[in-house]
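Shown next, in structure tokens, is the structure this report addresses.
All figures in this text were calculated on a predicted structure; none of them were measured in a lab.
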Amino acid sequence: MSETERTFVMVKPDGVQRGLIGEVVSRFEERGLKMVAGKFMQIDEDLAHEHYGEHEGKPFFEGLVDFITSGPVFAMVWEGQDATRQVRKMMGQTDPAESAPGTIRGDFGLDLGRNVIHGSDHEDPGANEREIDLFFDDEELVDYERIDETWLYE
Ligand code: IDP
Ligand code: MG
């Protein structure tokens with residue numbers, strides 16, 4: 001059985017401007033994932049460089065930093081069984097044009113550089129913990145039980 005874990009998710013500036021925070025949150029809530037932290041904030045240059053460090057030097061990097069710092073984002077931590085991989089599946093492919101309908105990027109995006117949502121990479125071990133630490137202090141993560149947990153898990 002898969003482990004319960006936490007993953008970092010963020011509605012990007014395009015998603016915030018397009019009024020998609022509620023839609024994104026709804027999808028994860030209805031799936032049964034549990035929000036354990038959430039923060040409406042603006043990312044500065046330093047945080048952008050750290051968060052997207054793996055892409056430094058790539059042709060799209062400066063544009064990506066400009067975009068992610070261009071307006072508010074909604075940063076979240078979601079918890080659940082196999083949460084990191086399940087969130088990535090619900091997000092779709094990096095390029096919305098390649099994302100299946102029914103996924104967040106496939107339903108709400110058309111362009112690679114405006115793909116609405118970020119989620120920790122499940123193929124990069126420790127990425128979820130690293131990103132949670134980067135955006136949240138320990139005290140901002142809330143431990144609690146959802147009332148439907150006994151109906152969500154065997
Ligand atoms: P991911 O968001 O699906 O994990 P990554 O490859 O980690 O995808 O890329 C991070 C972000 O950088 C993407 O979500 C997208 O916004 C942007 N990006 C990636 N590749 C390109 C590109 O070729 N052109 C423009 N933006 C890109
Ligand atoms: Mg990534």
Side-chain angles (χ1 to χ4, degrees), residues 1-16 18 20-44 46-56 61 64-65 67-69 71-96 98-109 112-154:
M1 200 181 72
S2 302
E3 302 268 316
T4 296
E5 60 177 20
R6 289 175 170 178
T7 193
F8 177 72
V9 182
M10 172 167 72
V11 179
K12 295 182 179 183
D14 54 337
V16 172
R18 293 176 55 209
L20 294 173
I21 294 174
E23 173 70 37
V24 168
V25 168
S26 253
R27 289 184 178 216
F28 297 133
E29 278 184 324
E30 288 173 5
R31 183 80 191 279
L33 291 163
K34 176 164 71 182
M35 192 195 283
V36 295
K39 182 153 61 180
F40 190 69
M41 60 182 283
Q42 183 129 8
I43 297 180
D44 64 21
D46 287 350
L47 181 56
H49 276 80
E50 214 169 332
H51 176 62
Y52 281 128
E54 65 175 300
H55 298 301
E56 207 145 5
F61 182 71
L64 178 59
V65 169
F67 164 59
I68 210 71
T69 57
V73 300
F74 188 57
M76 296 160 276
V77 179
W78 288 88
E79 181 184 295
Q81 199 166 281
D82 196 26
T84 310
R85 194 165 66 94
Q86 296 307 327
V87 164
R88 289 291 301 204
K89 281 166 75 171
M90 292 170 74
M91 285 168 47
Q93 303 297 308
T94 300
D95 187 351
E98 302 302 326
S99 299
T103 64
I104 293 165
R105 287 167 169 171
D107 285 348
F108 299 111
L112 176 55
R114 297 289 182 271
N115 60 7
V116 180
I117 185 167
H118 169 85
S120 302
D121 189 349
H122 68 291
E123 287 175 344
D124 179 1
N128 54 344
E129 298 291 341
R130 193 170 64 243
E131 293 179 350
I132 291 168
D133 280 354
L134 193 56
F135 280 83
F136 290 96
D137 295 329
D138 284 350
E139 316 84 74
E140 293 177 300
L141 304 172
V142 182
D143 284 312
Y144 68 104
E145 280 185 17
R146 267 177 67 145
I147 197 166
D148 55 3
E149 261 167 50
T150 50
W151 299 100
L152 279 164
Y153 298 110
E154 195 174 21

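The side-chain heavy atoms of Ile21 and Val16, taken from C-beta on, include a pair separated by under 4.5 Å. Taking the side chain as every heavy atom from C-beta outward, Phe28 and Met90 approach each other to under 4.5 Å. Side chains of Met35 and Val142 form no contact here, defined as non-hydrogen atoms less than 4.5 Å apart. Side-chain contact between Trp78 and Glu29 is present, with at least one heavy-atom pair separated by less than 4.5 Å. Considering only heavy atoms from C-beta on, Val24 stays 4.5 Å or farther from Phe108 through its side chain.
Using modelled atom types, no side-chain atom of Arg85 and backbone atom of His122 make a donor-acceptor pair closer than 3.5 Å. Using a distance-only test at 3.5 Å, with no hydrogens or angles considered, a donor-acceptor pair links the side chain of Ser99 to the main chain of Gln93. A distance-only check finds a donor-acceptor pair linking the side chain of Asp107 to the backbone of Gly102 [under 3.5 Å]. When atom types are taken as modelled, the side chain of Glu140 and the backbone of Asp137 share a donor-acceptor pair closer than 3.5 angstrom. Remark: side-chain polar atoms of Glu149 are paired, donor with acceptor, to backbone N or O of Arg146 under 3.5 angstrom. At least one donor-acceptor pair closer than 3.5 Å links the side chain of Tyr153 to the backbone N or O of Gln81.
Ring geometry for Phe135 against His51 counts as perpendicular: the plane angle is over 60°, on a 0 to 90° scale with 30° as the lower cut.
No more than 12 heavy atoms of other residues, nucleotides or ligands sit less than 6.0 Å from atom CG of Asp138.
A cation-pi arrangement is present between Lys34 and Tyr144, with the terminal nitrogen or guanidinium carbon under 6.0 Å from the aromatic centre and inside a 45° cone about the axis.
The distance from the CG atom of Asp124 to the CZ atom of Arg130 is 4.5 Å, given to the nearest 0.5 Å. Here Ile117 contributes atom CD1 and Asp14 contributes atom CG; the two are 10.5 Å apart, rounded to the nearest 0.5 Å.
Ionic pairing of Asp143 and Arg6 is present here: one or more N-O contacts between side-chain nitrogen and carboxylate oxygen are shorter than 4.0 angstrom.
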